[in-house]
Peer 1: 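Can you keep this structure in mind? I'll have questions shortly.
One-based numbering along the sequence shown. Order of listing sets the numbers, starting from 1, for every ligand and every atom in it. The figures that follow rest on heavy atoms only: side chains count, while hydrogens, waters and symmetry mates do not. Every value quoted in this text rests on a predicted model; they were computed, and no experiment measured them.
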Amino acid sequence: MVGKALKQSDKLIFGLIQKETKRQEDGLEMIPSENHSSRAVREALGSVFTDKYSEGYPRKRYYGGNEFVDEAETLAIERAKKLFGVEHVNVQPYSGSPANQSVYFALLNPGDTVMGQSLTAGGHLTHGWKVNFSGKIYNSVLYNVKPDGYLDIGEVRKLALEHRPKLIWVGATAYPREFPFEEFGKIADEAGAYLAADISHIAGLVAGGAHKSPVPFVHIVTTTTHKTLRGPRGAMVMVTRKGIEKDPELPSKIDKAVFPGLQGGPHDHQTAAIAVALGEALQPQFKKYARQIVENSKALAGSLMQNGIKLVSNGSENHLLLIDLTSFGKGKGLYGQCGLEKAGITVNKNTIPFDPSSPFYPSGIRLGTPALTTRGMREKEMKRIGKIIAETLKRCCAYEFPEEKERREAAIAQAKEKIENDRELVKLRGEVLKLCRKFPLHSK
Ligand code: DSN
């Protein structure tokens with residue numbers, strides 16, 4: 001994947017890239033916020049645009065020599081406008097958190113009230129969580145999900161009318177169901193709030209028509225570009241027609257917040273790669289890809305549940321699933337993640353709504369299908385993978401996880417050792433490897 005120059009100049013980094021390439025090739029990447037970008041995207045990302053400075057916006061720069069950067073950024077903007085049906089796009093945020101930060105900076109003053117989905121209910125840090133800037137600088141009010149795992153829209157309305165936030169977020173990092181954007185739109189209008197949809201996780205599904213678009217119902221849309229959208233790491237802030245009707249200054253407020261408010265020079269290599277990814281997402285086959293992600297997620301959910309694994313909300317309507325491991329005991333997410341890693345499946349331990357344990361030792365596993373779908377896997381493979389995951393979890397989550405801190409360290413070390421030496425997991429690893437070989441990745 002990488003060329004001769006790197007091999008000659010830096011053998012250590014070259015070697016690590018080779019190893020990471022093999023790790024991705026030989027395993028199932030199931031962290032739902034990850035994907036495999038195309039070679040074209042990575043070529044643009046590794047291009048000479050990385051050498052340029054271009055503070056400002058197309059045709060309004062503080063530096064010379066930007067005629068080609070201007071064209072690349074304009075292409076990215078125009079493609080995003082077409083793909084999502086929005087009026088204004090800023091493609092410069094370095095990543096998702098800075099993109100969301102720019103929305104605060106554009107609209108709120110310190111101490112103003114913001115509302116978002118609680119982190120423990122699947123929301124994002126930047127939607128008002130207390131250790132994040134969004135929960136420290138602003139007065140954050142968090143809404144939850146119901147015991148069945150679905151958003152509690154009644155609670156959202158009640159809190160919005162009670163606290164009158166200036167900004168409401170809809171969007172999450174661990175929510176397996178469709179977002180009721182229309183209902184959120186009505187609530188925000190009633191409360192007089194700006195409504196921002198953070199579609200970082202589902203952007204590819206929205207672009208491909210596999211998830212309802214928030215665009216008609218919200219004022220602002222933020223997204224990262226590297227998850228289901230399958231681009232380079234990066235982010236965008238978009239303003240909708242509804243947003244401009246509420247506040248005609250919104251586009252310039254966002255642009256000023258990104259630069260010079262928060263950032264310096266844009267990452268032009270990233271912008272060029274975002275343009276490439278958006279070009280790919282505009283192709284008809286991307287719609288097929290987006291639909292298949294959801295079909296795969298549903299098939300995987302079915303297989304896991306048939307094999308005795310409990311899922312938050314009993315299924316999935318998007319790209320991700322949240323496994324509830326509480327039937328094995330509290331705090332078993334770590335064992336699940338370690339066991340699956342041993343079997344060649346990469347996932348992340350995650351809290352589940354009303355988790356009886358802690359965020360560091362949560363009781364759930366978050367996983368998803370975007371990367372497997374990129375490899376060409378379909379329902380048949382999901383059925384088999386569901387069985388492998390269920391078998392692995394049953395083996396690993398049976399180990400003791402003591403609540404008393406004093407006994408915990410030793411118990412974790414013992415469980416990890418058992419997982420490491422489990423011959424059944426080695427057999428499952430073999431099956432995973434066979435599957436990976438059938439769906440080659442970077443050699444395509
Ligand atoms: N880290 C991202 C995720 O995994 O969902 C969110 O920022």
Peer 1: Does atom 1 (N) of ligand 1 have a protein heavy-atom neighbour under 4.0 Å away?
Peer 2: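 There is no protein heavy atom less than 4.0 Å from atom 1 (N) of ligand 1.
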
Peer 1: Tell me whether S102 contacts the main-chain N or O of A99 through its side chain, where contact means a donor paired with an acceptor under 3.5 Å.
Peer 2: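 Side chain of S102 to backbone of A99, a donor-acceptor pair under 3.5 Å: yes, one is there.
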
Peer 1: If the cut-off is 4.0 Å to any non-hydrogen atom of H201, which atoms of ligand 1 fall inside it?
Peer 2: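 Counting atoms of ligand 1 from 1, those under 4.0 Å from H201 are 3 (C), 5 (O).
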
Peer 1: Quick check: H124 and ligand 1, any N/O pair under 3.5 Å apart?
Peer 2: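 Yes; at least one N/O pair falls below 3.5 Å.
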
Peer 1: Check T222, N132, N100 against T126 for a side-chain hydrogen bond (donor to acceptor under 3.5 Å, both in side chains) and give me the one that passes.
Peer 2: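 Only one option passes, and that is N100.
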
Peer 1: Which of the atoms in ligand 1, numbered in the order shown and given with their element, are less than 4.0 Å from a heavy-atom of T173?
Peer 2: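 So the atoms of ligand 1 that pass are 5 (O), 6 (C).
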
Peer 1: Consider every N or O of R366 and every N or O of ligand 1, then say whether any pair is closer than 3.5 Å.
Peer 2: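 Looking only at distances, the answer is yes, because the N/O contact criterion of under 3.5 Å is met.
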
Peer 1: Give a yes or no answer on whether the side chain of R79 reaches the backbone of A275 with a donor-acceptor pair at less than 3.5 Å.
Peer 2: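 Yes, because the side chain of R79 sits within donor-acceptor range (under 3.5 Å) of the backbone of A275.
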
Peer 1: To the nearest 0.5 Å, what is the distance between OG1 (T113) and CG (N139)?
Peer 2: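 Here the interatomic distance stands at 3.5 Å.
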
Peer 1: Can you name the atoms of ligand 1, numbered from 1 with element, that are less than 4.0 Å from a heavy atom of S33?
Peer 2: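 Under 4.0 Å from S33, ligand 1 has these atoms: 3 (C), 4 (O), 5 (O).
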
Peer 1: So, taking the atom named NZ in K227 and the one named OG in S200, what distance separates them when rounded to the nearest 0.5 Å?
Peer 2: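 Between K227 NZ and S200 OG, I get 4.5 Å after rounding to 0.5 Å.
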
Peer 1: At a 4.0 Å cut-off, with the gap strictly under it, does some heavy atom of E34 reach an atom of ligand 1?
Peer 2: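 Judged by the 4.0 Å heavy-atom criterion, E34 does not count as contacting ligand 1.
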
Peer 1: Should the pair H127 and W169 be assigned to parallel (<30°), tilted (30 to 60°) or perpendicular (>60°) ring geometry?
Peer 2: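 If you compare the ring of H127 with that of W169, the planes turn out parallel.
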
